[in-house]
Engineer: 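Attaching a single structure in structure tokens format; questions to follow.
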Amino acid sequence: MARLLFLIILCTLPSSHLSSFSPFFSGCAIIRPPRDGGIRYRGLTQEQVQILPVDYEIEYICRGNRVIVGPKVRKCLANGTWTDMTLPSTCLLLCPRVWTSLENGRVTANPPGPPVEGTALHYSCHAGFILEGRNISHCTKLGKWDCDPGEATKLLYDLLYTEPIKIVLMPGCSGVSTLVAEAARMWNLIVLSYGSSSPALSNRQRFPTFFRTHPSATLHNPTRVRLFQKWKWTRIATIQQTTEVFTSTLDDLEQRVKEAGIEISVRQSFLTDPAVAVKNLKRQDARIIVGLFYETEARKVFCEVYKEKLYGKKYVWFLIGWYADNWFKIKDPAINCTAENMAEAVEGHVTTEIVMLNPETVRGVSNMTSQDFLAALMSRLGGKNPEETGGFQEAPLAYDAVWALALALNKTVAPLKARGRRLEDFNYNNHDITSEIYRALNTSSFEGVSGQVVFDAQGSRMAMTLIEQLQGGSYKKIGYYDSSQKNLSWFGNDVWIGAGPPADRTVVIEEYRFLSQKLFAAVSVFAGLGILLGIVCLTFNIYNGNVRYIQNSQPYLNNMTAVGCMMALAAVFPLGIDGHHVHRSQFPVVCQFRLWLLGLGFSLAYGSMFTKIWWVHTLFTKKDEKKEKKKPLEPWKLYATVGVLLGIDFLSLVIWQGVDPLHITVEKFTKEAPKKDLDVLVQPLLEHCSSEKMNTWLVSSGRKGCSFYRLDGLLLLLGIFLAYETKSVSTEKINDHRAVGMAIYNVAVLCLITAPVTMILSSQQDASFAFASLAIVFSAYITLVVLFVPKMRRLITRGEWQSEQQDTLKTGSSTNNNDEEKSRQLERENRELQKIIQEVKTNSSALDRTLESRGSRNSATTRQTETRAASQTEKLSH
């Protein structure tokens, strides 16, 4: 009730009174200033700063050489909150801007903005330039760059020209180490670094006395190669930012994978924009991709990876492990992908990171485990945040560097003593003591808090590598690799989007195209029936070989035609046999059967028909036709002609197979994607019978199904011409030449059509086989039916089954049936004429007697009668 009364009074007050109450009911409470900073309240005293009114603005200020990072001004909103409260405002030290520009190159700040503490500057050169010095600088908590070669140069010469004499120099970062190590040999000094990773420092000619407990950036490469081998990848791709450190790392990787028998199929690089490089990876079917670039460029790369869909179960990315754990979640104005897009694109990638703290609980030369060292270090820091302590990660390496130096110096005592020298005798001109220290460091091998300390031939540390995989948005350890022992420790917890590690390329499955078995079976049935028909025709022709009608058709040539048709029909079976029926090694034998059966069958069948039509044309189409008809036809000439044609083809086939035998050739077709969602492509293949100079042999021998090449092609055309020329010839010497001409027409037409069609359809096994085999079947069927069925019909319907011997006994003649009929008819006519002549002679004698009695007056009449009678007699006798 009191609250309701209060609201009523408030609503009835005039506006002037309401305004006086507003500070108590609307506005923003004061907020705390950032560390090492304060807040400037404009127009208000300290006593008035209670609840600040709406639209009031405050300004952050920083102490000393610090600058504000984040919103500098905040405004009070009507809902009682300040603007941009989700964005923190901090006061950070500003590093000098002396390293923020690079001649003939580019400097990238991460995060973007002024070079404050925590900022990393990445250096890269334009095309055609090589970076000298380190490629990265960090702004430390002290507001200074962590690696200043100029400052290092000054300190180096101060150290060298002041007492006491130095024996070993221990620089930190790569830029300073490069300068110190190159100059140290002039003073015979050993250089031992704990924080240099540049691959360029592995050059023994340039840096002859340099060692480092921090492994080279190329140490990632043996681990990568081992993982490639573990997952059985032999083909990888790379994409790199164009900087010296990544170029030298990639050159080392290329050499290592070459030795391991692994191919780098695609190598892409970019300066600032990776879009084109990522597209090229996609276009060239890159699957296993090694990425070498800084963190800022990594976000650009994977934004393009998301756009190109170059991620998922088909792809694996290998990245550097020293990025921040949330590098892909950081909002970057340089890319136009969301955090969700980036998280999707980077899921499942693998990182390799050099182990700087021994993961095993082993007491080393210092009698401390890695955890003991870490606890001691945290105690020395006095509770400070390790992330705010410069060089915290490299502390185990620095500790082991000191131990390596101590052990090496201790190892030199005995050899130097044997020479009558001591370490205290060292000076900058003493090369012998330097050589002893070098030898001692080069043979160092001990267990340190960072792991096994061993140096390779280039003075670089051989250390373990941590292998991690991004699983569900966070990194999980999946293994370690010790390059010095070549030992891979695998946890077996790697996770893949697909069923397992993807293939290193699109798997191409070779799939042979085989002939349709239904088509082959159907054609084989027709061919088999044709062979049975040929056997019936051949049997009929042999059995009735003594019948005159069969004899006058040259039965031996017809027998050759029947055998040739059966051989051609038999060729259909090997023509349809492929890899579905026989092993690939036996396929050349099948090719030989195809060639010989079809070649000799065609020559035998068509050659015998051509011989008939040739001799009919030769004997019966000349001007002196009557004279030629009287010449007997000699069968041996027919057989010799067939033998010549068959011999020519046989010889050409023998030479062909002796010089250039048939073998298998495989035709490849365009790759096809299967219907199922599989990461494979199907490579269709088709087997052919071929030889090195196939076209030459085909032209010379004419063997490609029914072919119209050269010899046989000319014979086909000539056969058509001869059949046309002799269509009106009638002869009993070869009484079936018209049927032969009809068969030649059909065979030639089918061959002339089929040969070019099968050549065009050679890549389509079913269509090619159908055309070639059906042409053979129809040609054989037509030939057998046209040549033999009419003979069978005549012998059956007319009953002309008598042999030549039986026919001779009955008629005494050796002529054919038509001649015998005519002969008998003429004999009957002669007998009738002889009777007539006898009657005329009888009548003539009677008339003579009558005329003699009548006298001379009838003499004239009698002579006239006798003359007519004599004339008639002579006519009848003829």
Side-chain angles (χ1 to χ4, degrees), residues 215 218-239 249 253 256-257 260-265 281 285-293 295 298 301-302 305-306 309-329 340 342-360 451 463-507 677-680:
T218 58
L219 189 66
H220 297 268
N221 291 335
T223 306
R224 291 170 180 144
V225 173
R226 182 65 183 86
L227 291 177
F228 298 156
Q229 293 173 333
K230 171 180 173 55
W231 288 318
K232 299 178 181 179
W233 293 327
T234 59
R235 182 175 180 265
I236 66 170
T238 63
I239 177 172
T249 301
L253 176 63
R256 291 179 184 273
V257 297
I262 300 171
E263 172 195 6
I264 297 182
S265 61
L281 291 176
D285 193 34
R287 297 301 184 88
I288 313 303
I289 308 168
V290 178
L292 301 174
F293 28 71
E295 183 178 317
V301 168
F302 275 89
V305 166
Y306 176 81
K309 303 299 179 185
L310 201 63
Y311 64 93
K313 65 180 181 180
K314 298 180 181 179
Y315 305 95
V316 177
W317 283 82
F318 283 80
L319 301 182
I320 303 168
W322 41 256
Y323 298 162
D325 286 350
N326 65 338
W327 65 271
F328 54 92
K329 300 177 182 177
E340 291 76 15
M342 295 292 292
E344 183 179 351
V346 300
E347 180 65 23
H349 77 264
V350 177
T351 65
T352 54
E353 184 177 2
I354 296 169
V355 176
M356 298 186 184
L357 193 66
N358 194 341
E360 300 178 1
M464 294 183 66
T465 307
L466 170 64
I467 307 165
E468 293 183 313
Q469 186 183 39
L470 190 69
Q471 301 175 4
S474 60
Y475 287 100
K476 306 293 183 183
K477 296 179 182 179
I478 60 175
Y480 288 94
Y481 182 67
D482 187 350
S483 58
S484 62
Q485 303 295 327
K486 295 184 179 181
N487 179 42
L488 177 64
S489 301
W490 198 250
F491 301 160
N493 61 337
D494 47 317
V495 177
W496 304 98
I497 299 175
D504 58 5
R505 69 197 76 192
T506 301
V507 177
D677 184 19
L678 299 175
D679 186 23
V680 298

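Being a predicted model, the structure only gives us computed values, none of them experimental. Every heavy atom of this structure was used, including side-chain atoms; hydrogens, water molecules and symmetry mates were not.
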Engineer: Does the ring center of His220 lie less than 6.0 Å from the ring center of Tyr481?
Structural biologist: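 Between His220 and Tyr481, the centre distance exceeds or equals 6.0 Å.
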Engineer: Do the side chains of Ile289 and Leu310 get nearer than 4.5 Å, heavy atoms only?
Structural biologist: yes
Engineer: Within the 4.5 Å heavy-atom criterion, are Leu253 and Val225 side-chain neighbours or not?
Structural biologist: yes
Engineer: Return the minimal non-hydrogen interatomic distance between Glu347 and Ile497, and the atom names on each side.
Structural biologist: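 Taking Glu347 first and Ile497 second, the nearest heavy atoms are O-CD1, 4.2 Å.
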Engineer: Distance from Lys477 atom NZ to Gln471 atom CD, nearest 0.5 Å?
Structural biologist: 13.5 Å
Engineer: Roughly how far, to the nearest 0.5 Å, is the CG atom of Leu466 from the OG1 atom of Thr351?
Structural biologist: 6.5 Å
Engineer: Please round to the nearest 0.5 Å and tell me the distance separating atom CD of Glu353 and atom CD1 of Ile320.
Structural biologist: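 Glu353 CD to Ile320 CD1: 10.5 Å, rounded to 0.5 Å.
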Engineer: Let me confirm one number: the CD1-NZ distance from Ile288 to Lys314, rounded to the nearest 0.5 Å.
Structural biologist: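 Output value for this atom pair is 13.0 Å.
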Engineer: Looking at Thr234, is its backbone amide N or carbonyl O close enough to the side chain of Asp504 to form a donor-acceptor pair, meaning the two atoms are under 3.5 Å apart?
Structural biologist: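 Here the side-chain-to-backbone pair exists.
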Engineer: Roughly how far apart are Leu227 CG and Ile478 CD1, rounded to 0.5 Å?
Structural biologist: 7.0 Å
Engineer: So, the side chain of Asn221 versus the backbone of Thr249: is there a donor-acceptor pair under 3.5 Å, distance only?
Structural biologist: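 Yes.
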Engineer: Start with the C-alpha distance between Thr506 and Arg287, add both sets of side-chain angles, then the distance that settles side-chain contact (heavy atoms from CB on, under 4.5 Å), and finish with yes or no.
Structural biologist: CA-CA 8 Å; Thr506 301; Arg287 297 301 184 88; 2.6 Å; yes
Engineer: Report the residues that fulfil side-chain contact (heavy atoms from CB on, under 4.5 Å) with Trp496, sequence neighbours left out, ordered by chain and then residue number.
Structural biologist: Trp231, Trp233, Val316, Gln469, Asp494, Pro501, Pro502
Engineer: Is the backbone of Ser474 close enough, under 3.5 Å, to the side chain of Asp325 for a donor and an acceptor to pair up by distance?
Structural biologist: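 Between the backbone of Ser474 and the side chain of Asp325 there is no qualifying donor-acceptor contact (under 3.5 Å).
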Engineer: Counting C-beta onward and ignoring hydrogens, is there a side-chain heavy-atom pair between Arg256 and Ile262 closer than 4.5 Å?
Structural biologist: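 In short, these two side chains do not touch, never coming nearer than 4.5 Å.
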Engineer: State which residues pass side-chain contact (heavy atoms from CB on, under 4.5 Å) with Glu344; sequence neighbours excluded, sorted by chain then number.
Structural biologist: Tyr306, Tyr311
Engineer: Just wondering, more than 12 heavy atoms not from Lys476 lying within 6.0 Å of its NZ?
Structural biologist: no
Engineer: Quick check on ring-ring contact (aromatic ring centres under 6.0 Å, His included): which of Tyr315, Tyr323, Trp317, Phe328 does Phe302 satisfy it with?
Structural biologist: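 That would be Trp317; it is the only one of Tyr315, Tyr323, Trp317, Phe328 passing the ring-ring contact (aromatic ring centres under 6.0 Å, His included) with Phe302.
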Engineer: Taking the side chain as everything from C-beta on, heavy atoms only, tell me whether Leu292 gets closer than 4.5 Å to Thr238.
Structural biologist: no
Engineer: If you measure from OH on Tyr475 to CG on Asn326, what distance do you get to the nearest 0.5 Å?
Structural biologist: 9.5 Å
Engineer: Looking at side-chain heavy atoms only, is the closest gap between Ile467 and Phe491 below 4.5 Å?
Structural biologist: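 The answer is no; the side chains never approach within 4.5 Å.
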Engineer: Report the residues that fulfil side-chain contact (heavy atoms from CB on, under 4.5 Å) with Ser265, sequence neighbours left out, ordered by chain and then residue number.
Structural biologist: Arg235, Glu263
Engineer: Side chains of Ser483 and Leu219: does their closest heavy-atom pair fall under 4.5 Å?
Structural biologist: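 They are in contact (side-chain heavy atoms under 4.5 Å apart), so the answer is yes.
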